[in-house]
Amino acid sequence: MNVLVVGSGGREHAIVWKLKQSPRVAKVYCAPGNAGISVDAECVQIKADDIYGLAQFAQTNAVGLTVVGSELPLVKGIVDLFEERGLTIFGPSRAAAQVEGSKMFLKHFLKRHTIPTANYETFNQSEIEKAKRHVMNFLPPYVIKTDGLAAGKGVAICQTKDEALTTVSEYFQDKVFGDAGNNIVIEEFMEGEEASVFAMCDGSDYVLLSPAQDHKRIGDGDTGKNTGGMGAYAPAPVVTKDILGRVERDIIKPTLEGMKAEGHPYKGCLYVGLMMTAAGPKVVEFNCRLGDPETQAVMPLIDSDVFELFHSCATGTVGTYSLTMKRSSAVCIVIASNGYPDEYATGKTIDGLEHVAKDVVVFHAGSKIKNGKIVTAGGRVLGVTALGDGLQSTIARAYAAVKSIKFDGMYYRTDIGKKGLSL
Ligand code: AMP
Ligand code: GLY
């Protein structure tokens, strides 16, 4: 069968790489892809959010399954469009993708179904004074979120009242996130360690991939600015068997039941962003797709056929899918361009990829081919993933591979996976 993967990052490269290993897959297309993906798939120059262009491509190229990597096409309704045209696609409908597309939708949903999360209030633009009064009534830190998608930047953690009041004005009056900030959520700050759990859902049933831990800050020791993610490892020992059981019982099952009962059954990957608080695991966020860079750690751990996993979710049969995960650890280190997540240079030649050990996989996130050479083309450039028997030695193998790669201004964190060693 021909398969189409939608997106152009490290996550999509990992999905393409794994799908290619399936005997059920004849050809993998990726739209739009990148230099690394073009080695494993045929890249087609259609933007990830051009949902009509993608549907037409799938129809004319006998695509039997489409797997959507990023949230934007999902929130735009790619799944609804494909299904109207009789095409099989992995991902939630537009209505179900609101779990990520609208923080207000998510918070109200969680509350209706008594799913553990931070306490919150929502405010619209005409309630700016009310929002400011709300801030005055609580102690810092404050967590202020735009309702809509803001390229991962719509969450402010404010340490002082002044900072919080300024943030409210920036969202509502200065419109720094445009319409995404027409409504805001102010919520309680949760203390604890974060982890991500991925439920692969078919509307009713689900299977769980290995829990993972991302490293969102740019600097070692979780310091500096928030990024898309600087590295990940899986399984994350902070999610013990007991915690995972609670996450299933208190979060995943009531979510699937609630979404179904409310008329938008959840199909696709439910990314559960968790905070391990003293009172147990609570929802920080849901995403309507797999994590990036967690996918680069989790995909290589899957032993069973990943085409069948995506296909069974898309067709409502995941209940009969038998998932097997390797009993290994996986560590993915992101190599970024110096300056990221702010301004950074591109077009730098990437050397040394051929020296990376054969059992380490390099997923490309922001690369392109220029004059026959692979050059940088993004903030996050590569995700280097090693697999091994213990976390410590796997971390060492991943870093050894990173050291054979070179480009001008390359930057990476040196402590990926370290948190998993102390548990
Ligand atoms: P979100 O986009 O909602 O995942 O938020 C981005 C990041 O902000 C999360 O990964 C957390 O590190 C942090 N965050 C969000 N909400 C909270 C909260 N209520 N308490 C503490 N940290 C939070
Ligand atoms: N790794 C964070 C995310 O995918 O949203």
Side-chain angles (χ1 to χ4, degrees), residues 7 9-12 14-15 68-72 74-75 97 99-107 110 116-122 138-159 164 167 177 180-181 184-198 209 211-218 222-234 236 268-279 281-299 332 334 336 341 363 365 379-380 383 413 416 419:
R11 166 184 48 211
E12 289 75 21
I15 294 169
V68 184
S70 53
E71 62 277 9
L72 200 54
L74 295 166
V75 170
V99 297
E100 178 168 359
S102 166
K103 300 262 189 224
M104 266 170 56
F105 172 89
L106 174 65
K107 296 299 289 192
L110 295 174
T117 189
N119 290 325
Y120 73 100
E121 291 287 336
T122 63
F138 285 89
L139 290 175
Y142 308 94
V143 183
I144 308 182
K145 302 184 174 184
T146 60
D147 173 47
L149 291 180
K153 296 193 177 128
V155 175
I157 313 257
C158 306
Q159 300 300 339
T167 301
F177 293 112
I184 65 170
V185 175
I186 303 185
E187 67 179 36
E188 170 200 9
F189 180 81
M190 295 185 286
E191 203 106 36
E193 188 137 356
E194 286 183 72
S196 340
V197 168
F198 307 106
L209 305 182
Q213 199 167 39
D214 185 10
H215 299 64
K216 285 194 172 145
R217 303 296 193 98
I218 188 74
D222 294 331
T223 53
K225 289 200 168 171
N226 247 325
T227 70
M230 294 302 295
Y233 67 101
C269 177
L270 179 71
Y271 170 129
V272 183
L274 291 169
M275 189 73 80
M276 308 305 158
T277 73
K282 292 189 181 181
V283 175
V284 178
E285 62 169 339
F286 279 169
N287 289 321
C288 61
R289 35 84 191 165
L290 282 150
D292 188 341
E294 293 98 319
T295 303
Q296 294 87 307
V298 171
M299 274 296 133
C332 170
V334 169
F363 296 117
R380 291 190 292 174
R413 274 180 64 161
I416 302 302
K419 273 191 279 189

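For ligands, and for the atoms within them, numbers begin at 1 and follow the listed sequence.
- Residue Ile144 comes nearest to Cys158 through the heavy atom pair CD1-SG, 4.2 Å, listed as atom of the first residue, atom of the second, then distance.
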task: Given side chain to side chain contact (heavy atoms under 4.5 Å, CB included), test Thr295 with Phe198 step by step and report yes or no.
output: CA-CA 9 Å; Thr295 303; Phe198 307 106; 5.6 Å; no
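- Residue contacts with ligand 2 include Gly228, since one or more of its heavy atoms lies under 4.0 Å from the ligand.
- Between Lys216 and Glu194, some side-chain heavy-atom pair lies under the 4.5 Å cut-off.
- If you look at ligand 1, the protein residues with a non-hydrogen atom under 4.0 Å away are Lys103, Ala118, Val143, Lys145, Val155, Ile157, Glu187, Glu188, Phe189, Met190, Glu194, Lys216, Met275, Val284, Glu285.
- Residue contacts with ligand 2 leave out Gly229, since none of its heavy atoms falls under 4.0 Å from the ligand.
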task: Decide side chain to side chain contact (heavy atoms under 4.5 Å, CB included) for Arg413 and Asp222; before the verdict, give the C-alpha distance in whole Å, the side-chain angles of both, and the deciding distance to 0.1 Å.
output: CA-CA 9 Å; Arg413 274 180 64 161; Asp222 294 331; 3.1 Å; yes
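- The residue Glu71 has no part lying near ligand 2, judged by heavy-atom distances below 4.0 Å.
- A salt bridge does not link Lys282 with Glu187: none of the charged nitrogens is closer than 4.0 Å to a carboxylate oxygen.
- The structure places CZ of Arg11 at 10.5 Å from CE of Met299, a figure rounded to the nearest 0.5 Å.
- Geometrically, ligand 2 and Lys216 share no nitrogen or oxygen pair separated by less than 3.5 Å.
- Using the six-membered ring where Trp is involved, Tyr233 and His215 have ring planes that are tilted, between 30° and 60° apart.
- Atom CE in Met104 sits 10.5 Å away from atom CD1 in Ile184 (nearest 0.5 Å).
- Residue Met230 holds its CE atom at 4.0 Å from CD1 of Ile218, rounded to the nearest 0.5 Å.
- Considering backbone and side-chain atoms alike, Glu285 places every N or O at 3.5 Å or more from each N or O of ligand 2.
- Under 4.0 Å from ligand 2, not a single heavy atom of Arg11 appears.
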